[in-house]
Amino acid sequence: MSEKGGKGFKSSLKSSYGPRESKYTFLQDSDEQIQGSSAKGGKGSKARKSTLSKESQPLELKTDKELPENAKCLMDCEAFEILQGIKEQMAVLSEDPSLKLPVSFDRGLEYVKYGRCYMNPQSVRQILEPLKKHGVSESEMCVIANVCPESIDEVFAFVPSMKGRKDKISEPLEEALMKLSKLKRSA
């Protein structure tokens with residue numbers, strides 16, 4: 001390495017693993033033992049068996065369950081309105097050039113700006129709100145609005161948790177998709 005002022009400092013940062021080797025073994029659909037770097041001793045030195053199930057579980061949208069009680073899912077068009085409003089307020093309030101919004105804010109704004117399918121979030125919500133009577137959750141409504149499906153089959157592909165209610169929800173969902181299609185074209 002480098003030497004400064006006659007004193008040398010050598011550092012050896014060689015790994016015991018090759019450039020493409022990993023200290024972890026990943027297994028799929030196997031009952032083999034999994035060992036990590038702790039296999040040589042220490043806290044987790046006992047090998048554990050993989051707990052992957054051989055049968056795949058049905059997919060479920062768990063967003064509602066994972067969010068705090070006071071949180072609300074937003075459609076991209078709603079998020080755009082909120083973020084755009086914040087940006088405009090910051091421009092008006094901030095004459096100080098040292099006050100800036102972080103880069104991540106601008107990236108988020110750009111993401112929802114170009115990802116949104118609809119310009120009027122109130123109209124989209126008004127179209128999707130009747131689906132709540134048929135058991136559609138807030139997060140499922142947001143997914144429908146954000147992916148802009150063109151058919152019922154696309155809705156069930158993107159929101160598999162709705163497949164169990166397919167019989168009772170198909171007709172109102174078809175109606176909502178027709179209205180969303182008209183709203184999308186008018187934008």
Side-chain angles (χ1 to χ4, degrees), residues 26 28-29 51-187:
F26 296 97
Q28 290 184 340
D29 296 330
T51 57
L52 296 174
S53 67
K54 293 191 180 189
E55 294 180 26
S56 63
Q57 299 295 322
L59 296 173
E60 184 180 337
L61 191 63
K62 298 177 183 176
T63 309
D64 287 336
K65 297 172 188 171
E66 294 174 359
L67 289 175
E69 287 182 31
N70 59 350
K72 180 180 176 186
C73 285
L74 294 175
M75 298 178 288
D76 287 345
C77 51
E78 291 173 316
F80 174 76
E81 272 193 353
I82 292 168
L83 294 176
Q84 186 65 33
I86 291 170
K87 187 171 184 170
E88 289 169 3
Q89 279 185 328
M90 285 299 292
V92 170
L93 295 175
S94 175
E95 305 250 342
D96 184 1
S98 67
L99 292 176
K100 291 183 180 180
L101 289 170
V103 174
S104 58
F105 178 89
D106 289 329
R107 287 183 185 155
L109 179 60
E110 288 300 309
Y111 173 81
V112 293
K113 179 179 181 180
Y114 294 109
R116 65 192 168 130
C117 301
Y118 311 103
M119 300 297 170
N120 188 339
Q122 293 80 14
S123 298
V124 176
R125 195 154 286 281
Q126 186 177 0
I127 291 169
L128 294 175
E129 198 70 32
L131 296 176
K132 281 187 172 182
K133 288 186 268 180
H134 301 281
V136 176
S137 70
E138 188 75 27
S139 61
E140 290 170 332
M141 284 177 22
C142 288
V143 171
I144 292 168
N146 291 344
V147 298
C148 308
E150 295 178 4
S151 69
I152 292 179
D153 292 333
E154 282 185 50
V155 172
F156 294 127
F158 282 112
V159 191
S161 59
M162 292 175 60
K163 284 182 181 177
R165 298 170 267 159
K166 194 173 188 174
D167 293 339
K168 73 176 189 174
I169 199 166
S170 290
E171 191 176 316
L173 187 57
E174 183 72 44
E175 185 181 325
L177 291 179
M178 281 189 338
K179 290 178 182 178
L180 288 174
S181 164
K182 291 176 187 174
L183 190 62
K184 187 176 174 181
R185 280 184 280 179
S186 68

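Source: prediction; values computed, not measured.
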What do you reckon, is CD of Glu129 surrounded by more than 12 foreign heavy atoms closer than 6.0 Å? yes

Just wondering, do Val147 and Glu154 contact through their side chains at under 4.5 Å, heavy atoms? no

Minimum heavy-atom separation for Pro172 and His134, please, with both atom names. CG-NE2, 3.5 Å

Check whether Arg165 reaches the backbone of Gly135 with its side chain - one donor and one acceptor, N or O, closer than 3.5 Å. yes

Counting neighbours of CD on Glu150 that are heavy atoms of other residues, nucleotides or ligands and sit closer than 6.0 Å, is the number greater than 12? no

Taking the side chain as C-beta and beyond, is there a heavy-atom pair between Met141 and Met75 under 4.5 Å? no

Which distance, rounded to the nearest 0.5 Å, do you find between the CG of Asn120 and the CD of Glu78? 10.5 Å

So, do Glu138 and Lys132 sit near enough that their side-chain heavy atoms are less than 4.5 Å apart? yes

Mind checking the CD-NZ spacing from Gln126 to Lys179? Nearest 0.5 Å is all I need. 8.0 Å

Verify the neighbour count for atom OH of Tyr111: are there more than 12 heavy atoms of other residues, nucleotides or ligands below 6.0 Å? no

Close side-chain approach of Leu131 and Glu140, heavy atoms under 4.5 Å: no

Rounding to 0.5 Å, atoms CG (Leu74) and CG (Asn146) come to a distance of 9.0 Å

Exercise: identify the closest heavy-atom pair between Asp76 and Gly115: OD2-O, 3.7 Å

Side chains of Leu173 and Ile144: does their closest heavy-atom pair fall under 4.5 Å? yes

So Gln122 and Glu81, do their side chains get closer than 4.5 Å, heavy atoms only? yes

Going from CG on Asp153 to CZ on Phe158, what distance comes out if it is rounded to the nearest 0.5 angstrom? 12.0 Å

How close do Leu109 and Lys87 get, counting heavy atoms only, and between which atoms? CD2-CD, 3.6 Å

Any side-chain heavy atom of Cys148 within less than 4.5 Å of one from Leu180? no

Less than 4.5 Å apart, any side-chain heavy atom of Cys142 and any of Arg125? yes

Working to the nearest 0.5 Å, report the span between NZ of Lys163 and CZ of Phe156. 9.0 Å

The reported gap from CD in Glu175 to CG in Leu177 (rounded to nearest 0.5 angstrom) is 10.5 Å

Residue pair Ala145 / Cys117: nearest heavy atoms and the distance that separates them: O-SG, 4.2 Å

